[in-house]
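Atoms within a ligand are numbered from 1 in the order they appear, just like the ligands themselves. Treat the numbers as computed from the prediction; the structure is a model and nothing was measured. Computation of the quantities below employed the complete heavy-atom set of this structure, encompassing side-chain atoms and omitting hydrogens, waters and symmetry-equivalent molecules.
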Amino acid sequence: METHKQLTIGLFGFGVVGEGLYKILKQKPSFNATIKKVCIKNPGKRREAPEELFTTDRDAILNDPSINVVVEVINESGPAYEIVSTALKNGKSVVSASKKMIAEHLPELLELQQRTGESFLYESAACASIPVIRNLEEYYDNDLLHSIKAIVNGSTNFILTKMFEEKLGFREALDLAQKLGFAESDPKLDVEGFDAVNKWSFLLTHAYGIVEKTENLVFSGIQFVQGRDADVAREKHFDIKLVAQAKKLESGKVAAFVLPQFIKQDDHLAFVKNEYNGVVIESGFADKQFFYGKGAGSFPTASAVLSDLSALRYQYKYEYKKLYHHTPHELDG
Ligand code: HSE
């Protein structure tokens with residue numbers, strides 16, 4: 001078995017995450033991974049990397065047999081799916097951060113992984129620096145995972161923190177989240193809960209074996225939360241957070257949703273401020289466990305990509321244990 005695979009990377013996208021990864025790999029030559037080519041959309045932009053690294057031709061990566069790993073960190077979901085599916089079919093391992101694309105194409109991506117046998121890893125697509133996917137996938141037995149409650153969108157959490165603790169206006173807080181590289185290029189995806197429910201949909205697959213379209217999940221963002229809601233919350237010692245939740249019911253089905261909630265100030269999630277994310281897991285015998293870390297931003301997201309790259313060295317693949325090796329749970333409702 002090949003254990004120390006040399007990684008020759010073709011990178012799609014040189015935005016917040018792509019550039020973060022490039023800088024990290026430059027600082028860590030011992031990591032033994034080389035970016036051979038970077039495919040970008042707009043060749044005119046100034047970038048802090050040698051010009052010969054860049055191409056606008058996808059095939060320069062997808063058809064290069066010396067590239068064994070494709071890292072896809074672009075914005076648009078349609079082209080991202082084309083890149084990822086072609087790369088898998090061409091025998092390359094793929095690491096992706098495209099949560100919207102994964103949520104929209106999960107059934108096809110599951111089928112492609114089974115058909116090609118290639119690794120498709122996307123730890124950075126949910127909760128950035130928190131290793132939540134591998135955790136749900138590997139650690140928790142199907143029967144023992146009672147509930148998960150999480151903050152999975154850094155931008156909305158950042159906006160709520162800035163509005164309610166630092167008295168910034170909504171627009172000002174959103175502008176800051178965009179400037180710091182946390183928000184999506186279409187911030188409606190963050191604010192109206194689309195980004196959170198996208199992430200939640202595939203976390204449900206790793207937690208409970210549920211493969212469900214986001215249209216079938218109840219969700220809302222923070223678009224209806226107002227300043228006076230925060231005043232009421234504070235009076236009663238609550239915070240307002242955008243919370244993604246999944247809970248096993250007596251029936252054995254799973255109730256799942258993403259909604260703004262009043263959170264008690266002594267709740268673990270109340271501790272999660274700014275662009276941080278947090279995940280509280282309740283499982284049999286262990287009681288509560290709390291995972292906390294940066295959920296957005298260049299280096300925190302690139303760090304999860306790096307961890308996936310390092311997992312590729314030992315041919316790690318998601319087995320989707322709850323889906324294929326157990327009886328998958330059904331969604332309630
Ligand atoms: N816009 C996303 C967020 C980026 O704020 O959480 C990380 O997925």
**Q** Starting from atom 2 (C) of ligand 1, find the nearest protein heavy-atom neighbour and note its residue, name and distance.
**A** Glu184 OE2, 3.2 Å
**Q** Relative to the ring of Tyr318, is the ring of Tyr122 parallel (under 30°), tilted (30 to 60°) or perpendicular (over 60°)?
**A** perpendicular
**Q** Which atoms of ligand 1 are found less than 4.0 Å from any heavy atom of Lys199?
**A** 2 (C), 3 (C), 6 (O), 7 (C), 8 (O)
**Q** Note the single closest protein heavy atom to atom 6 (O) of ligand 1, along with its residue, its atom name and the distance in Å.
**A** Gly154 N, 2.7 Å
**Q** Within 45 degrees of the axis of the six-membered ring of Phe12 and under 6.0 Å from its centre: does Arg58 put its NZ or CZ there?
**A** no
**Q** Please state which protein non-hydrogen atom is closest to atom 8 (O) of ligand 1 and give its distance, to 0.1 Å?
**A**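 The closest heavy atom on the protein side is Lys99 NZ, 2.7 Å.
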**Q** Flag Ala125 as yes when one of its N or O atoms lies below 3.5 Å from any N or O atom of ligand 1, and as no otherwise.
**A** no
**Q** Only counting residues at least two apart or in another chain, list the ones meeting side-chain hydrogen bond (donor to acceptor under 3.5 Å, both in side chains) with Lys322.
**A** none
**Q** Which is it for Glu275 and ligand 1 at heavy atoms under 4.0 Å: side chain, backbone, both or neither?
**A** neither
**Q** Is there a donor-acceptor contact under 3.5 Å linking the side chains of Tyr208 and Glu330?
**A**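 Not at all, the side chains of Tyr208 and Glu330 share no donor-acceptor pair under 3.5 Å.
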**Q** Any donor and acceptor pair, going by atom type alone, linking the side chain of Asn157 with main-chain N or O of Asn153 inside 3.5 Å?
**A**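 Checking the backbone N and O of Asn153 against the side chain of Asn157, no donor-acceptor pair under 3.5 Å is found.
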**Q** Just jot down the ligand 1 atoms closer than 4.0 angstrom to any heavy atom of Gly295, in number order.
**A**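 Answer, ordered by atom number: 6 (O), 7 (C).
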**Q** Considering residues at least two apart in sequence or located in another chain, which fulfil the side-chain hydrogen bond (donor to acceptor under 3.5 Å, both in side chains) criterion with Glu166?
**A** Lys162
**Q** Are any of the N/O atoms in Ala183 less than 3.5 Å from those in ligand 1?
**A**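 There is no such contact.
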**Q** Could you tell me which atoms of ligand 1, counted from 1 in the order shown, lie closer than 4.0 angstrom to a heavy atom of Asp190?
**A** 1 (N), 2 (C), 3 (C), 5 (O)
**Q** Checking the side chain of Trp200 only, and the main-chain atoms of Gln245 only, is there a donor and an acceptor separated by less than 3.5 Å?
**A** yes
